[in-house]
Every structure is written in structure tokens, then in C-alpha cells.
2 protein chains.
Amino acid sequence: MEEQNKKILLVEDDPNFGTVLKDYLMMNDYDVVHAKNGMEGFEKFKKDDYDLCILDVMMPYKDGFTLAKEIREKNTDVPIIFLTAKAMKEDVLKGYKVGADDYLNKPFDSEVLLMKIKAIMQRKATDSVADSKQFEFKIGRFDLNSKLRFLKFDGGDPSKLSPKENELLRLLALHENDLMPRELALTKIWRDDNYFTSRSMDVYIAKLRKYLKPDPNVEILNIHGEGFRLVINNKSE
Amino acid sequence: MEEQNKKILLVEDDPNFGTVLKDYLMMNDYDVVHAKNGMEGFEKFKKDDYDLCILDVMMPYKDGFTLAKEIREKNTDVPIIFLTAKAMKEDVLKGYKVGADDYLNKPFDSEVLLMKIKAIMQRKATDSVADSKQFEFKIGRFDLNSKLRFLKFDGGDPSKLSPKENELLRLLALHENDLMPRELALTKIWRDDNYFTSRSMDVYIAKLRKYLKPDPNVEILNIHGEGFRLVINNKSE
DNA sequence: TTCTTTTGTTAATGTATGGTTAAACCTAAT
DNA sequence: ATTAGGTTTAACCATACATTAACAAAAGAA
């Protein structure tokens with residue numbers, strides 16, 4: 001299972017410096033999107049979710065503070081680090097007023113920047129687990145807890161599911177009694193759609209069928225060339 | 001409810017500068033306790049709860065970093081700001097490794113310090129309040145006192161826990177019966193997430209399991225690739 | 001039908017992660 | 001300097017997971 005790298009938006013108009021910094025950050029396992037000016041920076045910010053923004057203060061057309069204010073209107077939480085050439089007190093204060101998390105004077109030591117980034121990410125590492133996502137499903141006589149990755153039959157002893165088993169069953173459950181397109185699972189879970197991932201998915205379907213066997217009213221049907229369907233029959237009728 | 005002023009521990013050996021800074025902060029509605037050296041600083045820290053620590057790095061007998069480490073053993077969350085006369089890169093890195101929240105070079109502008117304090121306080125205010133002030137836990141037949149680092153079995157003789165053992169068990173208890181993500185413990189307790197800290201954590205899990213063995217209804221389960229789960233079975237029902 | 005493609009299923013393989021113990025290391029206190 | 005407590009690193013083993021291969025069976029197309 002692949003760890004998701006943290007995503008950084010870097011807005012810096014100096015092409016040389018920007019590229020060097022971007023490469024340095026990427027070498028340290030961050031995903032970096034580099035925007036060359038404030039305008040572009042805001043566009044990119046709106047299009048994606050970022051874990052951190054690094055903004056140059058002095059930029060043509062739209063300076064870092066203005067950009068920060070726009071960003072804050074959309075998102076009150078993203079950490080922001082300002083880069084500035086001169087250490088003007090007014091600038092520093094202005095930065096903190098806009099909600100800066102930190103401040104760096106150019107030229108700065110790249111290692112120091114790395115430490116600051118780490119420190120900020122750690123602060124944000126709050127228990128984000130309590131996501132409002134949906135983690136619990138009733139599947140016939142089964143209970144799927146998708147967060148703890150277990151499947152209980154009739155409230156008995158739970159079987160542990162592997163990450164892939166869990167994700168796949170969850171996707172099926174989300175489309176209960178409806179088509180769950182093959183392609184959807186492949187792009188969402190396997191992040192790639194080719195012959196091998198497709199076969200891998202079939203293997204997991206087989207595993208899930210085994211798990212679900214105890215309840216004859218639950219089954220995973222194939223829709224040839226389309227995908228799968230988790231059907232739950234209601235005896236009562 | 002009445003608005004309680006934020007409490008700041010200021011550790012600064014220069015009596016003139018210290019007093020001026022203390023007065024300035026108090027004028028800005030902070031409660032400030034001023035310690036004249038590292039020793040005294042630690043004593044005062046143990047005696048009370050603070051919202052922020054401002055530590056001078058260069059002090060006789062016990063420097064700011066050492067003090068910070070001691071403080072961190074008692075409390076992983078208090079924000080710490082370092083003050084330093086010289087801007088040595090090694091010092092800055094050292095500071096962040098100990099878990100600094102910010103760093104200021106003397107002489108600095110007092111307004112800038114104020115802004116940093118405000119920014120940090122704001123951050124803490126929005127950070128999950130949930131895990132803030134909970135120090136006592138019932139874990140099956142065990143009682144964990146996380147402040148004194150004691151673990152009692154059936155009210156008997158308490159075992160003394162090391163700081164890491166204690167923090168880890170506390171985090172697990174906070175997420176009782178639920179997932180405690182690996183990453184969370186690593187960033188909150190180890191302040192770094194890499195192969196070695198991760199292995200170190202596994203070692204501590206093994207230690208905790210040993211402690212908890214006397215009660216068969218308490219166990220720490222692993223969720224492969226995700227984290228751990230402290231389960232407490234209620235046999236009584 | 002016959003041929004081709006898609007799916008079902010099981011087993012083998014390789015890699016990543018976790019469990020556990022002991023030794024090494026570090027640092028504060030003696 | 002020595003020691004003791006705490007933490008990290010190393011080593012070795014066990015388990016969990018995902019992928020791939022292999023072959024059988026179904027479904028659809030010709």
C-alpha cells in the first residue's frame with residue numbers, strides 16, 4: 001500500500017530559484033506544484049487540496065499577501081509559509097495577520113525550511129481520523145467496519161480484512177444492488193487500469209465471495225464486461 | 001465563563017531583559033512567570049500548567065535545549081519559542097528537533113514576538129481540544145495515571161512507566177477500541193516518521209503488551225499498515 | 001458449433017510489515 | 001569515571017498482503 005505524499009503549493013516568480021526549491025522539496029518526498037505568479041497560484045490552489053502553501057511575498061501583479069488572503073477565504077486551515085527577500089518588520093507583521101504559520105528570509109538554509117515544514121505538518125497531524133466519511137455498512141447478516149477493517153457475521157467473531165479486500169467490499173457496498181463498474185474500482189483502489197490489476201481485482205472478488213458465503217442472501221454478481229453487483233435479497237418478501 | 005489569561009513561562013537569565021520582556025507581555029494581557037535559569041524554569045514548569053514557554057537558549061548551568069527536552073518529557077504539547085543571540089543553523093535545527101514552535105533572534109522586535117505568540121495560541125485553540133486535558137484512564141483492571149506515569153493493576157502496586165511508554169499508552173487509551181494510527185503516534189510522540197522511529201514504536205508496543213498481560217481482557221491489536229487498537233473486552237455482560 | 005474474451009478460483013511467489021529480544025547508545029546523576 | 005534509566009538500533013523470525021501464473025468455466029461473437 002502506497003503512502004500518500006504531502007502536497008505543497010509553491011508560488012515563486014523567480015524561475016531559477018523556484019525550480020531549485022521545487023526539486024529540493026521533491027527530493028524530500030513532497031509532491032510539489034509550482035506556480036509562477038499569484039494568479040496562477042490561486043488557480044492551482046482552487047483546483048486541488050494542499051497540505052501546505054509556500055508563498056513568495058514579492059511577486060508581480062499579485063503579491064504573496066494578497067494571494068494568502070484569497071487562499072484564506074477558501075480555506076482557513078492550510079498552513080502558509082512566506083518567503084521574503086528583505087526582513088521588514090511591517091511585512092512580518094502583515095504576514096502573521098494574514099495567518100502565516102512561519103516566515104523565512106531569503107537567502108535561507110534549505111534544511112531549516114525542511115525542519116519548519118516538518119514541524120508544521122506535525123502540528124497539523126491532528127486526529128483527522130474522525131472524518132465524516134462512512135465507515136460502517138450492513139450487508140445482509142454481515143457488519144462491515146471499514147475503518148477497523150473487519151467483517152462480522154451475525155455479531156460473531158470478526159474476520160480481519162486486508163486493505164484491498166476492505167476497500168473493494170466498501171465500494172461494492174456503496175453501490176449496493178447496483179452496478180459497481182470495474183473501471184471505478186481499478187482507478188479508485190488500484191490507481192491503474194490494465195490487464196494485471198484487473199486480474200488482481202478478480203482474485204479479490206473471489207476472496208470476498210468466500211467471506212460472504214455464510215449468508216445465502218448476499219452475493220456478488222458479475223455483469224459481463226461491465227463490473228460487479230452486490231445483491232442483498234430480502235427474505236421477508 | 002470568565003476569560004482566563006494565557007499563562008506564559010519565561011525563562012531568561014538576563015535580569016534586565018527578562019524583566020522588560022515580562023512587563024511587556026503582561027501589559028498585553030498574558031500571565032507571565034519569570035524564571036532566571038533553566039533549573040528554576042523546570043521547577044516552575046512542574047508546579048503549574050502553561051500555555052506557552054519562551055526559553056532563552058544561552059543560559060548558565062542548563063541551556064534552553066536541555067530544558068526544552070525535560071519539558072517535553074512531561075508535556076509533548078506545550079508550544080515552545082526559543083530566543084537566541086546568534087543565528088547558528090545548528091541551533092535552529094536542534095531547536096526544531098526538540099519540538100520548537102518558533103525561533104527568534106535577539107534583538108527582536110517585541111511586536112513580532114507578540115504576533116508569533118498570537119499565531120501559536122490561535123493554532124492551539126483550533127487544534128483538537130479532545131486530547132488536551134485527559135490524564136487518567138481506566139483500562140480494564142488497570143488504572144493509568146498519565147501525569148504521574150503510573151500504571152496500577154487491581155489497585156495494587158503501581159509500575160512506573162517511562163515517558164514514551166506513558167505517552168504511547170495514553171494515546172492508545174484516548175482511542176480506546178478504535179484505531180490509533182501509527183502516523184499519529186510517530187508525529188505526536190517521536191516527532192518524526194521514519195523507519196527507525198517506527199521500529200522503536202513497535203518495541204514500545206511489545207513493552208506495553210507485557211505490562212498489560214495480567215488482564216486477559218485487555219489487548220493491543222495491530223491493524224496492518226494502519227496502526228494499533230487498544231481493545232477492552234467487557235466480559236461482565 | 002467453434003473461437004475468443006472475460007471471469008472464477010487456487011496456489012506460488014516476493015515483498016513489506018510487525019513481534020520480540022538483546023545489545024548498543026546516550027545522557028543525566030552520582 | 002561509573003552507573004542507571006531510557007531509548008534506539010540490530011537481528012531474526014513470523015505473518016500479512018498483493019501480484020502473478022495457471023487452468024477451468026462462462027459468456028458472447030462469429
Side-chain angles (χ1 to χ4, degrees), chain A residues 1-3 148-151 158-169 172 179-183 185-186 189-213 219-229, chain B residues 38-39 42 61-63 65-74 76 94 97-98 149 151 159-169 172 179-183 185-186 189-213 219-229:
Chain A
M1 221 189 20
E2 69 281 2
E3 264 307 316
L148 301 178
R149 292 203 331 237
F150 64 63
L151 184 66
S159 334
K160 296 211 274 182
L161 299 182
S162 88
K164 290 254 150 86
E165 290 166 353
N166 176 57
E167 283 299 299
L168 187 55
L169 184 52
L172 285 164
L179 170 67
M180 196 281 295
R182 219 189 168 78
E183 202 203 340
L186 289 176
I189 303 177
W190 275 263
R191 285 146 187 274
D192 190 14
D193 181 348
N194 61 47
Y195 172 76
F196 290 109
T197 54
S198 196
R199 287 332 319 277
S200 190
M201 173 174 167
D202 289 331
V203 171
Y204 277 92
I205 291 287
K207 292 182 190 201
L208 291 182
R209 284 187 174 130
K210 241 183 230 166
Y211 281 120
L212 299 175
K213 195 159 285 172
E219 44 185 347
I220 299 176
L221 300 184
N222 173 254
I223 299 175
H224 200 87
E226 299 287 334
F228 294 90
R229 194 157 82 95
Chain B
M39 243 64 98
F42 192 52
Y61 307 123
K62 186 183 286 184
D63 68 291
F65 296 132
T66 312
L67 175 56
K69 251 186 270 177
E70 292 176 357
I71 288 177
R72 276 275 170 265
E73 281 187 11
K74 296 232 134 232
T76 48
K94 203 168 166 187
K97 255 180 212 140
V98 186
R149 305 209 314 252
L151 184 65
S159 328
K160 185 123 182 63
L161 299 182
S162 85
K164 290 251 151 80
E165 290 166 350
N166 175 58
E167 280 300 308
L168 187 55
L169 185 52
L172 285 165
L179 170 67
M180 196 281 293
R182 230 190 158 76
E183 202 204 342
L186 291 176
I189 302 178
W190 275 264
R191 297 178 170 276
D192 192 13
D193 180 347
N194 61 46
Y195 172 77
F196 290 109
T197 54
S198 196
R199 284 338 310 279
S200 188
M201 173 174 167
D202 289 332
V203 171
Y204 276 91
I205 291 287
K207 291 183 191 208
L208 291 182
R209 284 188 174 130
K210 248 180 224 165
Y211 281 120
L212 298 176
K213 194 158 285 173
E219 46 185 345
I220 298 176
L221 300 184
N222 173 253
I223 299 177
H224 200 92
E226 298 287 334
F228 293 91
R229 191 158 83 96

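Chain naming here is simple, since letters A, B, ... match the order of the sequence lines and numbering starts at 1 in each.
Looking only at distances, a side-chain donor or acceptor of Arg72(B) sits under 3.5 Å from a matching main-chain atom of Val98(B). Formation of a donor-acceptor pair under 3.5 Å by the Thr197(A) side chain with backbone atoms of Trp190(A) is not found in this model. Proximity of a side-chain donor or acceptor of Arg191(B) to a complementary backbone N or O of Thr76(B) within less than 3.5 Å is detected.
Distance CG (Asp192(B)) to P (dT7(D)): 16 Å, rounded to an integer number of Å. Between Ile189(B) atom CD1 and dT7(D) atom P the separation is 10 Å, expressed in whole Å. Going from atom CG of Asn222(B) over to atom P of dA14(D) covers 18 Å, rounded to whole Å. One atom, NZ of Lys97(B), and another, P of dC26(C), lie 14 Å apart when rounded to the nearest Å. To the nearest angstrom, P of dT27(C) lies 12 Å from CD of Glu73(B). Counting to the nearest Å, the C1' atom of dT7(D) and the CD1 atom of Ile205(B) are 15 Å from each other. If you measure from atom OH of Tyr204(B) to atom P of dG6(D), you get 9 Å, rounded to the nearest angstrom. Atom pair Leu168(A):CG and dC17(D):P shows a separation of 15 Å (rounding to whole Å applied).
Among the atoms of the strands shown, none is found under 4.0 Å from any heavy atom of Tyr195(B). Base contact: Asp202(A) has a heavy atom under 4.0 Å from a base atom. Counting non-hydrogen atoms under 4.0 angstrom, Arg209(A) reaches the backbone sugars and phosphates but no base. Within 4.0 Å (heavy atoms only), Lys210(A) reaches sugar-phosphate atoms of the nucleic acid but no base atom.
Between Trp190(B) and dT8(D), a side-chain N or O to OP1/OP2 separation shorter than 4.0 Å is present. Here Ser198(A) does not reach the OP1 or OP2 of dT6(C): none of its side-chain N or O atoms lies under 4.0 Å away.
Each of Leu161(A) and Val203(B) lies near DNA chain D, and the nucleotide nearest Val203(B) is the one positioned closer to the 5' end. Of the residues near DNA chain C, Glu226(A) and Lys69(B), the one whose nearest nucleotide (by heavy atom distance) lies more toward the 5' end is Glu226(A). Nearest-nucleotide positions on DNA chain D for Ser200(A) and Met201(B) put Met201(B) closer to the 5' end.
Using a 4.0 Å cut-off between charged nitrogen and carboxylate oxygen, Asp63(B) and Lys69(B) do not count as a salt-bridge pair.
Of the listed nucleotides (dT20(D), dT7(C), dG6(D)), dT20(D) has the atom at the smallest distance from the side chain of Phe196(A). Distances from the side chain of Lys164(A) to the nucleotides dT7(D), dT10(C), dT19(D) place dT19(D) closest. You'll find that the side chain of His224(B) is closest to dG18(C), out of dA18(D), dG18(C), dT7(C).
Leu212(A) has its side chain out of reach of Glu219(A): every pair of non-hydrogen atoms, C-beta onward, lies at least 4.5 Å apart. You'll find the side chain of Leu208(A) reaches within 4.5 Å of the side chain of Leu172(A), heavy atoms only.
A donor N or O paired with an acceptor N or O is not found under 3.5 Å between the base of dG18(C) and the side-chain atoms of Arg182(B).
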